[in-house]
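Working notes, structure below.
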There are 2 protein chains.
Amino acid sequence: MAHSEENPIPPTERQVREASRQRREGEKQALRQAILDAASEVFLEKGLESFSMRLVASKIGYSATTIYHHFKNKEDLLRAILDQSFGEFAQAMQESLAAEPDPSRRMGAMGKAYVRFGVAHPTHYQLMYNQRPDWLLDESSLAAEAYHLTYGLLLEGVKEGVSQGWLPPTDPRPLADWMWATVHGLVMLGITEFREDPDRLEAAMTLFDLAPPSHEVPQ
Amino acid sequence: MAHSEENPIPPTERQVREASRQRREGEKQALRQAILDAASEVFLEKGLESFSMRLVASKIGYSATTIYHHFKNKEDLLRAILDQSFGEFAQAMQESLAAEPDPSRRMGAMGKAYVRFGVAHPTHYQLMYNQRPDWLLDESSLAAEAYHLTYGLLLEGVKEGVSQGWLPPTDPRPLADWMWATVHGLVMLGITEFREDPDRLEAAMTLFDLAPPSHEVPQ
DNA sequence: TGGATCGAGTTAACATCGTTAACATACTTT
DNA sequence: AAAGTATGTTAACGATGTTAACTCGATCCA
């Protein structure tokens, strides 16, 4: 049973305290994560407008003020959701990049992956790109890091396309912004105007396969 | 002076009452319009999030509850703003259509006009297309009417382009949706990510002049 | 003319929100 | 043991949308 075997070298006071500190630290982080998970869930279900601290707290059985021991305020909590969302988004983009070896087809594949992520996570996508654009100006945030990383993927693809000739010889940045606008617009229409008619988004997305139109098999 | 000339036929009791009724009706409509104007102003300055009935009322020197004699509730008031905004938008689109006679150039001109309207009226544009998409499902509203009208203009242009050969021979609707997504995305990026850098939007918008690229002067 | 009715405005109140202050309790440190 | 810290609570404030109850004057009808 419990004390049938005794530790021949009992832990020092210092060791006990350290273990206790770690346990408490872990519990604190666990609760922080539980709040964050509950918050992300509430945000998904309710959207930004009906997202409330009290609702998040009640979801995990704490009073609302407890959240303020783990997050400075509502904005801080939403920024944590933003960081998490942008991280998942950047990962999805990198995976879609790695999945398609042909550079010219890669652009279309990434475009599709972009739109699919957006419409699959409508409320989070809107938080990322619509509702608090100024939060991305904080360059030290994880969100800003992922934001610049994904734009970098697009810009590199465009530069490659221009240099390889399967994109017109223009300034890459405006062209990248133009393409970004297209996928961003598809997501936004997909989660608003086309919400009741997903086939309409699918039909529009077939145009991703149109460019490059001429060389089915190079050489 | 005032009574130097007397009306030879004094108004009947009935006429007086009718005039009074009309005056009161006019005053009611005037206050309704004053509320609507103030609301649109508050909405422009504060955005949807900080738009409040009390703020609108205080702007015109009435108590908040007065608004409820002229609008059913906050949603009703915002819908009135939406109707007004969509009407102005549809008019701007029709003017841009009339201004450019060449059909192939017209698409680019309308695209530019679309984006310019959106970035010029950021908060109203977001109410129109982002924040309450379900309100457009009420087909009897002025907003829905203008919404379908503007989409019709785009779709007709695309059909014309396909039949005349300066657009690829594809199903017009997905192509129209694709183009819509592009301009919509440009507006959204323009009022969020590019807000601090208007030149970036301008640079992207130069691509409107790229298509059709080949025939500067037909024949 | 006098009393009923109605329109248009008011104040007071309710529930909900984010947030802070004050407090309780348990654990850690000294 | 005492002091301090971490983590939770309840109570309260001001702002929000909205409703109820009311005032007051104009209108309508006898």
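First the proteins, then the strands, lettered A, B, ... as listed; each starts at 1. Every heavy atom of this structure was used, including side-chain atoms; hydrogens, water molecules and symmetry mates were not.
Under the 30°/60° scheme for interplanar angles, the aromatic rings of B/Y125 and B/Y129 are found to be tilted. Ring pair B/H184/B/W180 is tilted by interplanar angle, where 30° to 60° counts as tilted. The aromatic rings of A/H121 and A/F117 sit tilted, their planes meeting at an angle between 30° and 60°.
For the segment residues 33-52 of chain A, the set of residues with a heavy atom within less than 4.0 Å of an atom of DNA chain C comprises A/F51, A/S52, in numerical order. Within residues 68-85 of chain A, the residues having any heavy atom closer than 4.0 Å to DNA chain D are, in order of number, A/H69, A/H70.
In this structure, a donor-acceptor pair under 3.5 Å is absent between the side chains of B/D76 and B/Y68.
Checking D/dT16, C/dG9, D/dT9 against the side-chain heavy atoms of B/L31 singles out C/dG9 as nearest. Which of D/dA11, C/dG18, C/dG9 sits closest to the side chain of A/T65 comes down to D/dA11. Residue B/R54 has its side chain nearest to D/dT16 when only D/dT16, C/dT11, C/dG18 are considered.
Note: CD1 (A/I67) to P (D/dG8) measures 11 Å, nearest angstrom. Put simply, OH on B/Y62 is 13 Å from P on C/dT11, counting in whole angstrom units.
Salt-bridge annotation for A/R132 and B/E49: present, with a side-chain N of the basic residue lying under 4.0 Å from a carboxylate O of the acidic one. Between B/E45 and B/K59 a salt bridge is recorded (basic side-chain N to carboxylate O distance below 4.0 Å). Salt bridge B/R116/B/E202: present, at least one basic N to carboxylate O contact under 4.0 Å.
The side chain of B/T66 contributes no N or O atom lying less than 4.0 Å from OP1 or OP2 of C/dA8. When the side-chain nitrogen and oxygen atoms of B/S63 are compared with OP1 and OP2 of C/dT10, one or more of them lie within a distance under 4.0 Å.
For the pair A/A64 and B/L55, both in contact range of DNA chain D, the more 5′-proximal nearest nucleotide belongs to A/A64.
With sequence neighbours excluded, the residues satisfying side-chain hydrogen bond (donor to acceptor under 3.5 Å, both in side chains) with B/E193 are A/Y147.
With a 6.0 Å radius and a threshold of 12 heavy atoms from other residues, nucleotides or ligands, B/R195 has its CZ atom at or below the threshold.
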